[in-house]
A.B. asks: 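Following this message is one structure expressed as structure tokens.
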Amino acid sequence: MFAMTAGNVPRVFPPDILARLRELVDVDPSFVAGDLTGPRVRARLADTEILITGWGCPVLDAAALDAAPKLRAVLHAAGSVKGFTTPAVWERGIVVSSAAAANALPVAEYTLAMILLAGKDVFAHRERLRAERAFPYGEILPGIGNFGRRVGVVGASRIGRRLIELLRPFDLSVSLADPYVDRAGAAALGVPLLPLDELLAGSDVVTVHAPGTPETRHLIGRRELALMPAGSVLVNTARGSLVDHDALIEALRAGHVSAILDVTDPEPLPADSPLHDLPNAFVTPHLAGSQGNEVARLGLTVLQEAERLLSGRAPEFRIGPEDLERTA
């Protein structure tokens, strides 16, 4: 049974993927559970073995699971499952799989693009061109370029690791800060492991990929921003709560750093937020993750996980409760 926002089913499972899925399992795409409390839903749950979830999935609490005695797997066509799983899911040994790895790819691609554009100082020079309507043709601009530019990755999450892979072909100097990674783990990723303060002080671009937890709230605050070199760039495509926005606005107004933000806190930003108007802040509306035709990749991942499950193999992207804080 599908349990998600109904309008997302045809987007995540376009006709070709849905047809393949229906060859594997008996699922009705016209019946999508937005909650798990109604009598019709409960009747369906009684025979449901696999729940296909996504954005808008209702909470899988003990009462919902009591109504689904045959449930053996939850295949999530999105990223984090923290918002709807409960201890009851893990206590009952239900297999949970997430398409977080598939969703990590467009975020990493977006971040790579922003890093390369920031290295060329594209956003500032676009503002200059808009203001002056001319530029000195043939001028070699000092202080820009991506040859040897230092990129600091904060967090070896799925997205952070994928980004490190995508950065390899470029003439960039990449380093990592993550308290859960040891030097051998960083070496396997092909990057040096640095303390956060050292990474901040030695990077031209800092890109944040830590999970949003109480411990990481305002991971980048006033002190951390002050450590960053003058003229450096902060990129955040993870969670808005990782950055202290008041401190960031101060640093932006002072011209100390620039920022590229696809996520904010709160989200969306208030209409009167200075971040909308500061020339050295480039803010986009949370579009780095799967959008448009990219969401079909999530449905394809669920299809492939169902194939593995039904052939007696473990899902490739199975997760447990210990993984919930590492799915950014």
Side-chain angles (χ1 to χ4, degrees), residues 110-137 139-155 167 172-175 177 194-210 216-286 288:
Y110 175 99
T111 307
L112 169 66
M114 293 299 110
I115 289 169
L116 295 176
L117 290 173
K120 285 285 195 178
D121 203 11
V122 163
F123 307 111
H125 285 288
R126 178 180 182 271
E127 292 300 311
R128 174 185 172 185
L129 181 59
R130 291 179 70 182
E132 300 178 1
R133 306 291 165 141
F135 66 96
Y137 185 76
E139 176 186 4
I140 295 179
L141 301 169
I144 71 170
N146 286 306
F147 180 54
R149 189 163 292 273
R150 302 167 298 174
V151 177
V153 178
V154 180
L167 289 169
L172 299 165
S173 175
V174 182
S175 56
L194 300 178
L196 178 59
D197 285 3
E198 186 177 339
L199 178 141
L200 292 171
S203 297
D204 302 303
V205 179
V206 173
T207 180
V208 185
H209 301 287
T216 60
R217 178 171 174 77
H218 292 180
L219 177 69
I220 307 297
R222 188 169 285 103
R223 187 186 72 86
E224 290 75 22
L225 290 164
L227 290 172
M228 293 174 61
S232 57
V233 182
L234 176 69
V235 181
N236 188 9
T237 57
R239 294 289 183 267
S241 62
L242 297 170
V243 177
D244 181 340
H245 281 49
D246 291 338
L248 177 60
I249 289 168
E250 289 179 14
L252 291 168
R253 282 175 168 160
H256 179 62
V257 298
S258 298
I260 296 171
L261 307 173
D262 188 55
V263 291
T264 57
D265 185 24
E267 199 169 48
L269 282 174
D272 61 354
S273 171
L275 290 170
H276 289 301
D277 300 310
L278 285 166
N280 51 352
F282 184 78
V283 183
T284 51
H286 202 145

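Quick note: residue numbers are just sequence positions, from 1.
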A.B. asks: With side-chain contact (heavy atoms from CB on, under 4.5 Å) as the test, would you mind laying out the steps for Asn236 and Ile260 before giving the verdict?
C.D. replies: CA-CA 6 Å; Asn236 188 9; Ile260 296 171; over 6 Å; no
A.B. asks: Is there a donor-acceptor contact under 3.5 Å from the side chain of His256 to the main chain of Leu248?
C.D. replies: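 Checked: no pair found.
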A.B. asks: Quick one: does Pro274's side chain get under 4.5 Å of Arg253's, heavy atoms only?
C.D. replies: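 Pro274 reaches Arg253 side chain to side chain.
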A.B. asks: Quick one, Val233 with Asn280, criterion side-chain contact (heavy atoms from CB on, under 4.5 Å). Give me CA distance, side-chain angles, the key distance, then yes/no.
C.D. replies: CA-CA 9 Å; Val233 182; Asn280 51 352; over 6 Å; no
A.B. asks: Donor-acceptor pair, distance only, cut-off 3.5 Å: does the side chain of Arg150 make one with the backbone of Ser173?
C.D. replies: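 Answer holds: no.
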A.B. asks: Would you call Arg133-Glu127 a salt bridge at under 4.0 Å N-O?
C.D. replies: no
A.B. asks: Measure the spacing between NE2 of His218 and CG of Leu242 and express it to the nearest 0.5 Å.
C.D. replies: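 The CG atom of Leu242 is 9.0 Å from NE2 of His218, to the nearest 0.5 Å.
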A.B. asks: Between Ala210 and Leu219, what is the shortest heavy-atom contact and its length?
C.D. replies: CB-CD2, 4.3 Å
A.B. asks: Of all the heavy-atom pairs spanning Leu275 and Ala281, show the shortest one and how long it is.
C.D. replies: O-CB, 3.8 Å
A.B. asks: Supply the atom-to-atom distance Thr264 OG1 to His276 NE2, rounded to the nearest 0.5 angstrom.
C.D. replies: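 Here the interatomic distance stands at 8.0 Å.
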A.B. asks: Could you list the donor-acceptor pairs under 3.5 angstrom formed by side chains in residues 115-126, with sequence neighbours left out?
C.D. replies:
none

A.B. asks: Checking Thr207 against His209: is there a side-chain donor and acceptor pair closer than 3.5 Å?
C.D. replies: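 Result is yes, a qualifying pair exists.
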A.B. asks: Which pair of non-hydrogen atoms, one from Ala288 and one from Asp262, has the smallest distance, and what is that distance?
C.D. replies: N-OD2, 2.9 Å
A.B. asks: Starting at OG of Ser273, measure out to CG of Leu278 and round the result to the nearest 0.5 Å.
C.D. replies: 8.0 Å
A.B. asks: Determine whether the side chains of Asp204 and Ser232 contain a donor N or O and an acceptor N or O closer than 3.5 Å.
C.D. replies: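 Side chains of Asp204 and Ser232: no pair found under 3.5 Å.
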A.B. asks: For Thr216, check side-chain hydrogen bond (donor to acceptor under 3.5 Å, both in side chains) against everything at least two apart and list the hits.
C.D. replies: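 Listed in chain order: Thr213.
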A.B. asks: What closest approach, in Å, do Asp265 and His245 show between heavy atoms, and which atom pair accounts for it?
C.D. replies: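 The answer is N-NE2, 3.3 Å.
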A.B. asks: How long is the span from the CD atom in Glu267 to the CZ atom in Arg239, to the nearest 0.5 Å?
C.D. replies: 8.5 Å
A.B. asks: Determine, step by step, whether Val235 and Val206 satisfy the side-chain contact (heavy atoms from CB on, under 4.5 Å) criterion, reporting the C-alpha distance in whole Å, the side-chain angles of both residues, the deciding distance to 0.1 Å, and the verdict.
C.D. replies: CA-CA 6 Å; Val235 181; Val206 173; over 6 Å; no
A.B. asks: Would you compute the distance between atom CG of Leu199 and atom CD of Glu224 and round it to the nearest 0.5 angstrom?
C.D. replies: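 One finds 12.0 Å between CG of Leu199 and CD of Glu224.
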A.B. asks: For the residue pair Arg222 and Ala247, what are the closest heavy atoms and their distance?
C.D. replies: N-CB, 3.5 Å
A.B. asks: Closest approach of Ala201 and Pro229, non-hydrogen atoms and distance?
C.D. replies: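 For Ala201 versus Pro229, the nearest heavy atoms are O-CG, 3.4 Å.
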A.B. asks: Measure the CG-OG distance between Leu252 and Ser258 for me, rounded to the nearest 0.5 Å.
C.D. replies: 7.0 Å
A.B. asks: Could you walk me through whether Asp244 and Arg217 pass the salt bridge (charged side-chain N to carboxylate O under 4.0 Å, His left out) check?
C.D. replies: CA-CA 8 Å; Asp244 181 340; Arg217 178 171 174 77; over 6 Å; no
